[in-house]
Amino acid sequence: MKTVATLVVLSIVGSANAGVSINNPFYCYSTDLIRPQVQMHATRTSYEAVRRTSVNPTVSSCTPSRFWFLSRHGGRFPHPPDLQDMFDFADSTIQEDIARNYDAGRTTLCRQDFEMIRDWRRDPNLTLESASLTTEAGRIGMRNIARRYQQFFPTILTETYDRQRFHFRHTRTMRTNTTIRAFASGLFGESESENVFFEDVPENDSFLRPIDFCPPFREEVANQHQQVAFENGPEFEEMMEEINRKLGFHGSNQLSVDTVLVMWEWCRFETATYFELSESEIGDPSAWCIPFSISHQSILEYYQDLGYYHFTGYGVRNQRLIQNLNCGLMQDLLTHLQSNSSADTTVRVFVTYSQMVQALMVTLGAFRDDINLNQHNFAQQTARHWKTSIMTPNAANFVVVRYDCADGDHDLVFLLNERPILVPGCDIQTGICKLSFILSRFQRFIGVNCEDLFCSSD
Ligand SMILES: *[C@@H]1O[C@H](CO)[C@@H](O)[C@H](O)[C@H]1NC(C)=O
Ligand SMILES: *[C@@H]1O[C@H](CO)[C@@H](O)[C@H](O)[C@H]1NC(C)=O
Ligand SMILES: *[C@@H]1O[C@H](CO)[C@@H](O)[C@H](O)[C@H]1NC(C)=O
Ligand SMILES: *[C@@H]1O[C@H](CO)[C@@H](O)[C@H](O)[C@H]1NC(C)=O
């Protein structure tokens, strides 16, 4: 029965903020001891902020024998152009302007919030050189993920490294490199992880970064008109008015959408960057979260979700193209799940990007909503499955565990972020799938040439 409860948790967490839809202009961030918005930062959400570990290693009575892991890199610094925008914002007169508004009684900021904004300074150690790299919190988070999985599956994820048993592969970027090393150090310890062999990364990595090598896909998703329409729609407009009013900006002094989005970048970045280091359930406060009520964060979260939904989600018209992008990974997974030889690897670890984790969910048919997300239905979608804060926060990780059963038709368990997920067609109570079912369902990936299939609509 325990597992029934955990499968349900997924949707409860997803809809936890469903009731919070009314803006409170007097919201005081500093005195809010719950801060549900730390779980609403879309793909910048700290893993720890949304973590609800509910792995039940004995859900199957068979014997755990194979582990397949695909994750996104851990928390990172913003990319160069975003970081530059954030620096420009920090160097602007925004704090003085808000102080003038506060002194003139034009704001609805509580005193503590005002003082936090007034006294905020950006971390002097933060430079463009850090752009795109993994943060310390990102490394710690990933190391802890490895340790928890090891505790659940100690016979597969051994503390001793053996190149015959473990396969590690990342992409060309430094952040996946750093992340996979953090994962290895979580399993084997700092010094033993120095001996780990990481597979070479090919120049054209259509295996872990297929979207970079598929021009038809780029074309398919080039027009993000739903997201743009939402940005120009009534929810956004109202949010902009409310934020400006809260900070005391009127008429021609009003902040632009771009400025407010940079503010939110600071909020999301600072929250995630210190979360794993904070030893607090709500993380450390960030001054630039203050202007946003909880309902505003929920609008911004939807704005992000809408973009991903139409990029590597169910909103893409050519679904077959998305499903095929991960051909290489699906083939690797299916081969691994079928392997019988003691000479085969037992653990396969891949680190890539959020879009690939999302696309894989689409291939599997998980997190699908009955009604499409669009520019008009924000209010109806509060309990949606497609919530990137929950699906693909920093360090989002997808795991398949194979349990060997005597009759040869093994049990499979699918986990996302340490929670069981339901692949349609599998046992709705436990989430367990039979190997034979998965093999026949995804048969079209077996034995094909993925170089041909990954970018096709066949
Ligand atoms: C900046 O880096 C130095 C040296 O690593 C450290 O001592 C200091 O605390 C850092 N400052 C901030 C604001 O993080
Ligand atoms: C990954 O990082 C290590 C250690 O920092 C470095 O030696 C190695 O060259 C990097 N590998 C790639 C493929 O970038
Ligand atoms: C990688 O792709 C580029 C552009 O398509 C091509 O010119 C190059 O030969 C490829 N490199 C390899 C090693 O396949
Ligand atoms: C593994 O064993 C099963 C049954 O024992 C067999 O049907 C299957 O072909 C084997 N798979 C491989 C990859 O050898």
Side-chain angles (χ1 to χ4, degrees), residues 47 69-80 83 125-147 161-163 165-222 273 276-277 318 321-322 324-329 331-332 345 347-357 359 394-397 448-458:
Y47 188 79
F69 178 93
L70 174 78
S71 93
R72 177 194 189 196
H73 55 81
R76 64 161 172 84
F77 292 95
H79 292 318
L83 202 48
N125 291 348
L126 179 59
T127 66
L128 279 177
E129 272 159 37
S130 310
S132 310
L133 298 178
T134 313
T135 63
E136 178 65 10
R139 279 197 295 275
I140 293 173
M142 203 45 160
R143 196 190 60 203
N144 292 342
I145 289 168
R147 287 179 180 166
Y161 171 64
D162 173 352
R163 189 168 164 182
R165 292 164 45 81
F166 288 86
H167 177 94
F168 289 92
R169 165 83 144 78
H170 57 85
T171 73
R172 290 192 88 77
T173 56
M174 203 56 213
R175 61 186 183 279
T176 62
N177 185 342
T178 313
T179 298
I180 205 164
R181 282 160 201 267
F183 188 87
S185 79
L187 294 181
F188 313 122
E190 288 297 336
S191 65
E192 191 163 346
S193 69
E194 310 248 305
N195 302 323
V196 171
F197 177 75
F198 300 95
E199 301 293 319
D200 290 337
V201 182
E203 186 184 316
N204 295 340
D205 188 5
S206 61
F207 179 76
L208 280 187
R209 194 53 179 157
I211 63 183
D212 282 356
F213 304 98
C214 184
F217 170 77
R218 285 281 168 191
E219 244 167 73
E220 177 79 22
V221 298
T273 301
E276 271 78 2
L277 314 173
N318 187 346
L321 192 53
I322 298 283
N324 287 346
L325 277 180
N326 274 320
C327 179
L329 279 165
Q331 197 170 66
D332 188 278
T345 52
V347 176
R348 298 181 75 78
V349 175
F350 303 99
V351 179
T352 171
Y353 309 100
S354 60
Q355 298 95 329
M356 300 329 298
V357 176
N394 290 327
N397 56 89
V448 293
N449 182 352
C450 282
E451 279 300 315
D452 297 334
L453 188 64
F454 89 94
C455 186
S456 90
S457 310
D458 296 341

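Whatever order the structure lists ligands and atoms in, that order sets their numbers, starting from 1. Worth knowing before you read on, the calculation uses all heavy atoms, side chains too, and leaves out hydrogens, waters and symmetry mates. One-based numbering along the sequence shown.
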_Under a 4.0 angstrom heavy-atom cut-off, which atoms of ligand 3 come close to Asn204?_
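The list of qualifying atoms is 1 (C), 2 (O), 3 (C), 8 (C), 10 (C), 11 (N), 12 (C), 14 (O).
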*Using a threshold of 4.0 angstrom between heavy atoms of the protein and any atom of ligand 2, which residues qualify?*
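Lining ligand 2 at under 4.0 Å, by heavy atoms, one finds His170, Met174, Asn177, Arg181.
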_Test of understanding: with side chain to side chain donor-acceptor pair (under 3.5 Å), list the residues that count as partners of Glu190, not counting sequence neighbours._
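Scan of Glu190 (side chain to side chain donor-acceptor pair (under 3.5 Å), adjacent residues dropped) gives none.
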*Would you confirm whether Thr179, through its side chain, and Gly74, through its main-chain N or O, come within 3.5 Å as a donor-acceptor pair?*
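Judged by distance alone, yes, a pair lies under 3.5 Å.
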*Establish, from distance only, whether the side-chain atoms of His73 and Thr176 form a donor-acceptor pair under 3.5 Å.*
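Side-chain D/A pair, His73 to Thr176: absent.
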Acceptor/donor pairs from residues 451-458 side chains to any protein atom, 3.5 angstrom cut, sequence neighbours excluded:
residue	atom	partner	partner atom	Å
Glu451	OE2	Ser206	OG	2.7
Asp452	OD2	Asn449	ND2	3.4
Ser456	OG	Leu453	O	3.4
Ser456	OG	Asp458	N	3.2
Ser457	OG	Asn318	ND2	2.9

*asked:* Going by salt bridge (Lys or Arg N to Asp or Glu O under 4.0 Å), name the residues that satisfy it together with Asp212, two or more places apart in sequence or in a different chain.
replied: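 Residues passing salt bridge (Lys or Arg N to Asp or Glu O under 4.0 Å) with Asp212: Arg209, Arg218.
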*asked:* If the threshold is 4.0 Å, N to carboxylate O, is there a salt bridge linking Arg172 and Asp205?
replied: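 No.
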